[in-house]
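Numbered from 1 within each chain, the chains take letters A, B, ... in sequence-line order.
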2 protein chains.
Amino acid sequence: MPYDPSAFPPFAVTVDLVVLTVRRHALCALAVRRGEPPFQGRWALPGGFVRADEDLAQAAARELAEETGLRAHDPAVPVQDNGAHLEQLATYGDPKRDPRMRVVSVAHLALAPDLPAPRAGGDASNARWAPVEELLQQGGYGRDGEPVVPLAFDHAQILSDGVERARSKIEYSSLATAFCPPEFTVGELRRVYEAVWGVALDPRNFHRKVTGTPGFLVPTGGTTTRQGGRPAQLFRAGGATLLNPPMLRPEV
Amino acid sequence: MPYDPSAFPPFAVTVDLVVLTVRRHALCALAVRRGEPPFQGRWALPGGFVRADEDLAQAAARELAEETGLRAHDPAVPVQDNGAHLEQLATYGDPKRDPRMRVVSVAHLALAPDLPAPRAGGDASNARWAPVEELLQQGGYGRDGEPVVPLAFDHAQILSDGVERARSKIEYSSLATAFCPPEFTVGELRRVYEAVWGVALDPRNFHRKVTGTPGFLVPTGGTTTRQGGRPAQLFRAGGATLLNPPMLRPEV
DNA sequence: AGTGTTTATCGTCAGGCAGACGACTATGAT
DNA sequence: ATCATAGTCGTCTGCCTGACGATAAACACT
């Protein structure tokens with residue numbers, strides 16, 4: 001196969017972001033409203049073109065910063081700053097996924113603590129955190145009584161894949177701590193698991209499990225009562241990235 | 001961000017394949033020799049351009065058929081034919097990964113039984129199965145005394161990621177059966193795990209585990225003695241894709 | 001001050017699974 | 001016949017998990 005520069009079709013390459021966070025006991029994703037056709041006015045995942053001199057991860061980190069102000073947590077830097085976790089998710093390249101032209105989108109998954117408020121070009125009405133079930137639900141009516149409009153393009157598929165990745169990855173990695181602030185309690189971490197998996201977990205067994213898994217959590221010495229009740233010990237994420245043995249997601 | 005068709009840089013999009021098989025107790029990958037610059041004469045992963053009207057998975061399946069004659073096993077078709085398992089791996093888009101132009105490569109992972117002989121354009125000397133440690137080793141000299149030449153482009157990274165994916169995925173899925181012929185024995189399946197993980201497994205515990213995992217294996221009723229020793233029961237892959245509980249890879 | 005509520009944390013117990021390993025079976029090779 | 005090879009069935013012990021009782025330390029009432 002000789003390399004004739006005119007022998008291959010040109011593609012547009014974009015990055016799309018599945019940005020997940022946990023708010024009010026629910027797993028939420030960042031959605032932005034489209035300002036132009038196609039799918040004008042519909043909600044979509046944030047994203048944009050990859051620039052000529054950019055790596056894919058750089059492009060994703062840039063888009064993440066533009067949309068949320070979050071700095072991406074560089075996996076090469078072991079320091080746990082307040083940056084978000086960012087990883088490549090999958091690539092979507094159906095010839096008809098964008099009606100205008102051939103676009104290949106490299107989707108990325110970002111996990112962030114609750115804190116940041118969305119900002120899309122400074123216009124808050126064009127960006128929001130929405131529960132993923134709401135964004136993924138098909139047909140019917142939302143909580144506000146409005147009919148549910150599906151996400152633009154194939155973004156429902158991308159979001160679904162991102163959520164599934166997050167759900168499975170917190171089983172065997174310490175990724176759930178990416179949803180937490182730098183210091184957090186065991187109960188806060190448990191509520192992350194409960195929100196992402198959509199289940200209730202036994203606080204006693206959960207406490208035993210996470211504090212007994214080497215490298216998962218390191219106590220900071222401090223305590224907090226911000227959740228009410230008895231003061232809870234504060235922890236930071238330990239160095240371990242792979243949990244052994246893994247957390248077990250309850251069946252069915 | 002308005003959609004100006006001239007506002008984005010054009011990319012070439014390719015698919016690269018990590019085709020793995022188990023031969024002679026070793027995990028092997030398909031490598032092809034490059035006929036043109038850059039990296040002329042070096043070994044590389046098979047791959048090629050995505051065509052204008054092709055989905056990414058279609059392009060990968062087409063390349064796989066061209067290089068090996070294997071039909072891809074469509075995940076939508078639950079029938080277990082003798083096609084290979086094929087899944088998307090990751091996408092590589094460093095601006096400098098190809099010195100000629102901006103190329104984004106969507107790597108795919110394929111798993112195949114031992115049977116097929118490589119064929120790259122009918123020329124056997126330009127395609128071979130090589131043990132992955134040999135392809136990934138840096139510096140030094142190979143078994144033939146020749147100095148080790150690394151794979152072209154970033155293909156060592158891609159191969160490494162593909163091998164890691166395979167190693168982890170046979171833990172919690174029935175993917176290891178993709179390395180086996182349609183009918184196989186417990187011992188043959190065990191040798192797959194041993195080759196992919198590079199460890200020795202206890203035959204008795206392995207037998208208990210795989211035959212006790214619901215949906216993993218279904219007996220065909222036949223037996224074989226092709227491995228020597230006492231005749232072994234033959235099995236086909238069961239319907240289960242996710243193993244619960246998973247196979248456990250020995251530590252360290 | 002006492003009582004209730006909330007959350008955190010420690011303990012106990014039974015069942016299940018995994019690793020280590022002994023024993024037996026059924027074939028082919030010498 | 002004997003050996004080598006590979007497959008299959010059991011046993012035992014330790015660890016982990018799920019279910020759940022009990023205690024601890026805060027706050028909000030009254």
Side-chain angles (χ1 to χ4, degrees), chain A residues 24-25 170-172 180 183-195 197 199-236 240 242-252, chain B residues 24-25 170-172 180 183-195 197 199-236 240 242-252:
Chain A
R24 283 184 263 112
H25 257 248
I170 64 173
E171 281 191 74
Y172 58 88
C180 295
E183 297 198 350
F184 52 90
T185 68
V186 173
E188 290 166 344
L189 184 63
R190 176 169 48 82
R191 279 180 277 276
V192 165
Y193 275 91
E194 291 179 331
W197 284 343
V199 297
L201 299 174
D202 185 289
R204 299 157 290 190
N205 292 335
F206 184 87
H207 187 276
R208 176 183 61 192
K209 185 68 201 294
V210 296
T211 56
T213 300
F216 194 5
L217 302 181
V218 290
T220 67
T223 61
T224 182
T225 101
R226 61 181 166 223
Q227 299 292 338
R230 171 177 166 179
Q233 229 181 322
L234 283 171
F235 294 87
R236 284 183 297 103
L242 255 44
L243 302 183
N244 207 317
M247 304 293 297
L248 289 187
R249 171 158 39 163
E251 318 275 328
V252 188
Chain B
R24 285 184 262 109
H25 257 248
I170 64 173
E171 281 191 73
Y172 58 88
C180 295
E183 297 199 349
F184 52 89
T185 69
V186 173
E188 290 166 345
L189 184 62
R190 175 168 48 82
R191 278 180 278 278
V192 165
Y193 276 91
E194 291 178 331
W197 285 343
V199 298
L201 299 174
D202 185 291
R204 298 158 292 191
N205 292 336
F206 185 86
H207 187 277
R208 178 183 60 191
K209 186 67 200 293
V210 295
T211 56
T213 300
F216 194 6
L217 302 180
V218 290
T220 67
T223 61
T224 182
T225 98
R226 62 183 167 222
Q227 300 290 340
R230 171 176 166 180
Q233 227 179 325
L234 283 172
F235 294 87
R236 284 184 296 104
L242 254 45
L243 303 183
N244 207 316
M247 305 292 299
L248 290 186
R249 172 157 40 163
E251 319 274 326
V252 189

C/dG19 C1' sits how many Å from B/Met247 CE, rounded? 13 Å
B/His207 atom NE2 is separated from C/dA26 atom P, nearest whole Å, by 14 Å
To the nearest 0.5 Å, how far apart are NE2 in B/His207 and CG in B/Leu201? 14.0 Å
For residues 216-227 of chain B, which residues have at least one heavy atom under 4.0 Å from DNA chain C? none
Could I get the full list of salt bridge (charged side-chain N to carboxylate O under 4.0 Å, His left out) partners for B/Arg191, not counting sequence neighbours? none
Straight-line distance of A/Thr211 OG1 to A/Phe206 CZ, nearest 0.5 Å: 9.5 Å
First and last nucleotide of DNA chain D touching chain B, 5' to 3', heavy-atom cut-off 4.0 Å? D/dT5 to D/dT11
Distance test, side-chain N/O of B/Arg230 to OP1/OP2 of C/dG28, below 4.0 Å: no
With heavy-atom distances below 4.5 Å as the criterion, would you say the side chains of B/Leu234 and B/Thr223 are in contact? no
Quick one: closest heavy-atom pair of A/Leu243 and A/Tyr193, and the distance? CD1-OH, 4.2 Å
Closest approach of A/Ile170 to A/Met247 (non-hydrogen atoms, all atoms of both residues): O-CG, 4.1 Å
Please report the distance, rounded to the nearest Å, between CZ in A/Arg191 and P in C/dT6. 13 Å
Can you measure from CG (A/Asn244) to CZ (A/Phe216) and round to the nearest 0.5 angstrom? 12.5 Å
Distance test, side-chain N/O of B/Lys209 to OP1/OP2 of C/dC17, below 4.0 Å: no
Residues in salt bridge (charged side-chain N to carboxylate O under 4.0 Å, His left out) contact with B/Arg226, at least two apart in sequence or another chain: B/Glu188
Toward the 5' end of DNA chain D, by each residue's nearest nucleotide, A/Gly228 or A/Asp202: A/Asp202
Assert: residue with more 5' nearest nucleotide on DNA chain C, out of A/Pro203 and B/Gly229, is A/Pro203
When you compare the side chain of A/Trp197 with that of A/Glu171, does any pair of heavy atoms fall below 4.5 Å? yes
Between A/Arg190 (CZ) and C/dT7 (P), how many Å, whole number? 9 Å
Atom pair OG1 (A/Thr185) and CG (A/Leu217), whose distance is rounded to the nearest 0.5 Å: 10.0 Å
To the nearest angstrom, how far is B/Leu248 atom CG from C/dA20 atom C1'? 15 Å
Restricting to nitrogen or oxygen on both sides, can you table the protein-nucleotides 12-16 of chain C pairs closer than 3.5 Å?
{"from": "C/dT12", "atom 1": "O4", "to": "A/Arg208", "atom 2": "NH1", "distance (Å)": "3.4"}

State which residues pass salt bridge (charged side-chain N to carboxylate O under 4.0 Å, His left out) with B/Glu194; sequence neighbours excluded, sorted by chain then number. B/Arg190
